2 protein chains.
Amino acid sequence: MARKTKSVDIAFRKHDHGRCQRQLLSEARQLCEARKLRLTSRRRQVLEILLASHQPMGAYDILAELNRANPAARIAPPIVYRALDFLMSEGLIHRIESRNAFISCVHPGHQCTAQFLICRDCEQVAELEGRDPALLVEADNLGFAVDHSVVEITGICAQCQKHAG
Amino acid sequence: MARKTKSVDIAFRKHDHGRCQRQLLSEARQLCEARKLRLTSRRRQVLEILLASHQPMGAYDILAELNRANPAARIAPPIVYRALDFLMSEGLIHRIESRNAFISCVHPGHQCTAQFLICRDCEQVAELEGRDPALLVEADNLGFAVDHSVVEITGICAQCQKHAG
DNA sequence: GGCCATTGTGTTATATTATAACGTAACTGA
DNA sequence: TCAGTTACGTTATAATATAACACAATGGCC
């Protein structure tokens, strides 16, 4: 029943985080299975780190987490970037261009246009369900074949405005 | 009379480039004068480089141009970044987040939401006149105070589709 | 199972993009 | 002309990302 209402996403809202994480990980597994793709343990680790954080993380933050988890290993950047590339190509995570950061996707697999509200105070990010903006229609009218869109709105969320207030 | 029609911008269209450049530089001058800001020679140089290119350029590309123009000097990155910061803060140029690049603004001073169509074949960028997308209204409904928005659509422009086709 | 082709991982080195920190120069207004 | 401010120049370094190559694991096929 929440389906059709305005879909602000779970950032900016309280939710059962552990449950949300497990849910999304399980969706990721299913999706990879359906597509005959390998959600290897490295890829899963990276996804889990992003799911746990539920906020944007830089590649090197993720790297640090990985190295904390595997103190023996000394993992290097390309490993992280490769896992991120895989996860992005399957729509399991998004890149936040205006922050050089990555965040887990809240609607894995939906090929919708992801749109983000980014609070520059608390650093939280809300992913909005992307109905195509008018812009995409216009692009189409111009004969421009869209293949990826980046929509990132920066500002201060309601919560932080109150606190500052 | 072109005012009210669809405003695809000058990239993706033929136009008198020299005239366009001079026009925009002159607007920049007026704008700075009106705001009591200093369009110093460094800042003007950087703006001119971007106007001349009319395509997105990386900071280090601009740096290379500057150094080509002043072979004596050996200009360093902070100089470029500072000029770019100034020009961005006055709305004379935009940053293309998804390319780590900068491009001159086609509507200097208009505080409209800039939106870009980026062709990944010819690398040209069209700036669309930004009427507020529905998303901004939605942000507002959520009590989110927007202060900057990034809208970048990547794909293949009509021209390049023909050539490939 | 043994083999090959493909995909993924690990490692080193390096490229690219951006900023911190500090001193000097130029302009602005009294 | 002086003080305050803004801009510029310089050095060093931080933060982000990729190239190139070797090795390992997996999957399909016989």
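Since the structure is predicted, the reported quantities are computational estimates derived from the model, not experimental observations.
Taking CD1 of B:Ile103 as the start and CE of B:Met57 as the end, the distance is 11.0 Å to the nearest 0.5 Å. Interatomic distance, A:Leu63 CG to A:Leu84 CG, rounded to the nearest 0.5 Å: 10.0 Å.
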Might you list the N or O atoms of the protein lying below 3.5 Å from N or O atoms in nucleotides 24-29 of chain D, with each pair's distance?
none

Check nucleotides 22-25 of chain C against the protein and report each pair of N or O atoms closer than 3.5 Å, with its distance, or say if there are none.
none

All N/O contacts under 3.5 Å from nucleotides 17-20 of chain C to the protein, with atom names and distances to one decimal?
| unit_1 | atom_1 | unit_2 | atom_2 | d |
| --- | --- | --- | --- | --- |
| C:dA18 | OP1 | B:Arg95 | NH1 | 2.8 |
| C:dA18 | OP1 | B:Arg95 | NH2 | 2.6 |
| C:dA18 | OP2 | B:Tyr81 | OH | 3.0 |
| C:dA18 | O5' | B:Tyr81 | OH | 3.4 |
| C:dA18 | N7 | B:Tyr60 | OH | 2.6 |
| C:dA18 | N6 | B:Tyr60 | OH | 3.2 |

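Atom CG of B:Leu39 and atom P of D:dT6 are 17 Å apart (whole Å). The nearest whole Å value for the distance from the CZ atom in B:Arg35 to the P atom in D:dT6 is 17 Å. At whole-Å resolution of the value, CG in A:Asn67 and P in C:dT9 are 15 Å apart. Regarding B:Lys36, its NZ atom lies at a distance of 17 Å from the C1' atom of D:dT6, rounded to whole Å. Between B:Ile79 atom CD1 and C:dA26 atom P there is a gap of 13 Å when expressed in whole angstrom units. Look at CZ on B:Phe86: it is 15 Å from C1' on D:dT5, rounded to the nearest Å. Going from atom CG of A:Asn70 over to atom P of C:dT11 covers 11 Å, rounded to whole Å. Separating the CG atom of A:Leu63 from the C1' atom of C:dT11 is a distance of 13 Å, rounded to the nearest angstrom.
A:Arg19 is linked by a side-chain hydrogen bond (donor to acceptor under 3.5 Å, both in side chains) to nothing, counting only residues two or more places apart in sequence or in another chain. Contacts of B:Phe116 classified as ring-ring contact (aromatic ring centres under 6.0 Å, His included), with partners at least two apart in sequence or in another chain: B:His94. In this view, B:Glu48 and B:Arg44 satisfy the salt bridge (charged side-chain N to carboxylate O under 4.0 Å, His left out) rule, not counting sequence neighbours.
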Verdict with supporting geometry, A:Glu65 and A:Ser53, side-chain contact (heavy atoms from CB on, under 4.5 Å): CA-CA 11 Å; A:Glu65 275 300 310; A:Ser53 146; over 6 Å; no
Criterion salt bridge (Lys or Arg N to Asp or Glu O under 4.0 Å) on A:Arg99 and A:Glu152, from CA distance to verdict: CA-CA 10 Å; A:Arg99 318 287 268 203; A:Glu152 300 173 10; over 6 Å; no
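Formation of a donor-acceptor pair under 3.5 Å by the B:Glu97 side chain with backbone atoms of B:Val150 is not found in this model. For the pair A:Arg35 (side chain) and A:Glu90 (backbone), a donor-acceptor distance under 3.5 Å is present.
Close to C:dG10, at under 4.0 Å from its OP1 or OP2, lies no side-chain N or O of A:Arg74. In this model, the phosphate group of D:dC8 is approached by a side-chain N or O of B:Thr40 to a distance below 4.0 Å at OP1 or OP2.
Along DNA chain D, the nucleotide nearest to B:Ala76 and the one nearest to B:Leu37 differ in position, and the one closer to the 5' end is contacted by B:Leu37.
Residues B:Thr154 and A:Asp147 form a side-chain contact, since some pair of their non-hydrogen atoms from C-beta on lies under 4.5 Å apart. The side-chain heavy atoms of B:Ile156 and B:Arg120, taken from C-beta on, include a pair separated by under 4.5 Å.
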